[in-house]
Amino acid sequence: MSFDPVFTFGTLGAAALVGLGFSQTIKEPSSQFGDPVVLSELVVLEPSSFNHPLPGEFLKDGHPAPGPVLEETLHAPLEIMKFQVTALDYDRFVADGVCKPADSRLAGDVPVTGVSLFDAEAYAKWLSARTGEAWRLPTDAEWAYAAGERFRGDIEAGEADPANPAKRWLKQYRNEAALGRKPDPEPRARGAFGLNSKGVADIAGNVWEWTSTCYTHTSISSDGASIGSSVDNCGVHVVEGFHRTYMSNFIRDGKSGGCAVGTPPDNLGFRLVRDRRGFLQAALHRLGLT
């Protein structure tokens, strides 16, 4: 069934719209812009379990090894933006005096690019304040679930050869070359890369997306069956796109450096998820119930 109306409603009225993808209009009486904010359509995905390769750096017996694949479970519906945040969306944020402009000077209905993790998080905080709802970056696992068949994890090269570490790097280079990725630096209008099987647009196109997941250094057991220790490095976050990689939080242009795995991303952008649990907590707090 197709369902794509535009709604105007208050904060509490939004709670009834679970399980539908829709365009949402929120009125802002105090907005300096006058017109209501039109948010991206949301794709709502049912809770599920799926196998997912963990992100980060993994060591087995002191040598690099592929990340383990574990079962991830999403216990609540995932409400994720169908499209990436656009330059027009971001310009409203900048005009409100919250953040400096993106490094890219594009305008209109193209994904905003040239933004850091800090920029993306500030936008989510601003949008939450504007709408009275809870918006945030997706986790690595949430993004992978929404990406479906278009998700590609780290470029793996197998386990390291202690006698010749260069072999692993060479294999990793060959594996990336075999993917056939070509430079594609110019962001395109939203929808240019089509929909995946879950109805999410432009996944794994030429705009790579920030997530809220920190880079981790993890030791795994000799048999690969368990994790011994794990240390988060939250100065670096997971970025998802043509394949998974890792970027320093302050980087706005992936090509300028800071990429830990593979060739640099063509562009850095983001999309958000609406956090129903965060929304309910905020609503209860406003009502004085928490």
Minimal heavy-atom distance between Pro66 and Ile220, with the atoms involved, is O-CD1, 4.3 Å
Interatomic distance, CG@Asn267 vs CG@Asp253, rounded to 0.5 Å, equals 8.0 Å
- Taking side chain as C-beta onward, heavy atoms only, is Val273 less than 4.5 Å from Met81? no
Fill in: Donor-acceptor side-chain pairing of Ser197 and Glu149 below 3.5 angstrom
yes
To the nearest 0.5 Å, atom CD of Glu142 lies from atom CG of Leu74 at 6.0 Å
_Pairwise side-chain contact, Leu59 with Thr218, heavy-atom cut-off 4.5 Å (strictly under)_ = no
(message) Check whether Asp91 reaches the backbone of Leu88 with its side chain - one donor and one acceptor, N or O, closer than 3.5 Å.
(response) no
Does the side chain of Arg188 come within less than 4.5 Å of Phe193's, by heavy atoms?
yes
Sorted by chain and residue number, the salt bridge (Lys or Arg N to Asp or Glu O under 4.0 Å) partners of Glu57 (sequence neighbours excluded) come out as none
Sorted by chain and residue number, the side-chain hydrogen bond (donor to acceptor under 3.5 Å, both in side chains) partners of Asp232 (sequence neighbours excluded) come out as none
Residues at least two apart in sequence or cross-chain that pass side-chain hydrogen bond (donor to acceptor under 3.5 Å, both in side chains) with Arg150, listed by chain then number, are none
Heavy-atom nearest pair, Ala102 first then Val115, reads CB-CG1, 3.8 Å
*Is it true that a side-chain atom of Asn206 and a backbone atom of Glu186 form a donor plus acceptor pair closer than 3.5 Å?*
yes
Charged N to carboxylate O below 4.0 Å: is that the case for Glu46 and Lys198? no
TODO: Decide yes or no on ring-ring contact (aromatic ring centres under 6.0 Å, His included) for Phe50 and Tyr145, but give the supporting numbers first.
DONE: CA-CA 8 Å; Phe50 61 103; Tyr145 180 57; 5.2 Å; yes
Review point. Got a donor-acceptor contact below 3.5 angstrom from the Thr73 side chain to the His75 backbone?
Key: no
SG (Cys234) and CG (Asn249) are apart, to the nearest 0.5 Å, by 8.0 Å
Scanning both residues in full, the closest heavy-atom pair of Ala146 with Asn196 reads O-ND2, 2.8 Å
Here the pair of heavy atoms bringing Ser116 nearest to Arg252 is N-CG, 3.6 Å
- prompt: Can Asp96 and Trp126 be counted as having a side-chain donor-acceptor contact under 3.5 angstrom?
  reply: yes
Looking only at heavy atoms, the pair that brings Cys99 and Asp119 closest together is SG-OD1, 3.4 Å
Rounded to the nearest 0.5 Å, the CD atom of Glu71 sits from the NE2 atom of His52 at a distance of 12.5 Å
Original post:
Once the angle between the rings of Tyr90 and Tyr123 is folded into 0 to 90°, is it parallel (under 30°), tilted (30 to 60°) or perpendicular (over 60°)?
Top reply: parallel
From the list Leu272, Val238, Leu137, side-chain contact (heavy atoms from CB on, under 4.5 Å) with Trp210 holds only for Leu137
- Message: What I want to check is whether the side chains of Trp143 and Glu209 have a donor and an acceptor closer together than 3.5 Å.
- Response: yes
Between the CZ atom in Phe93 and the NZ atom in Lys125, the distance rounded to the nearest 0.5 Å is 10.5 Å
**Study point:** Charged N-O contact under 4.0 Å between Asp202 and Arg190
**Key:** no
* So, is the end of the Arg152 side chain (NZ or CZ) under 6.0 Å from the ring centre of Phe242 and within 45° of the ring's axis? -> yes
- Is it true that a side-chain atom of Ser248 and a backbone atom of Phe250 form a donor plus acceptor pair closer than 3.5 Å? no
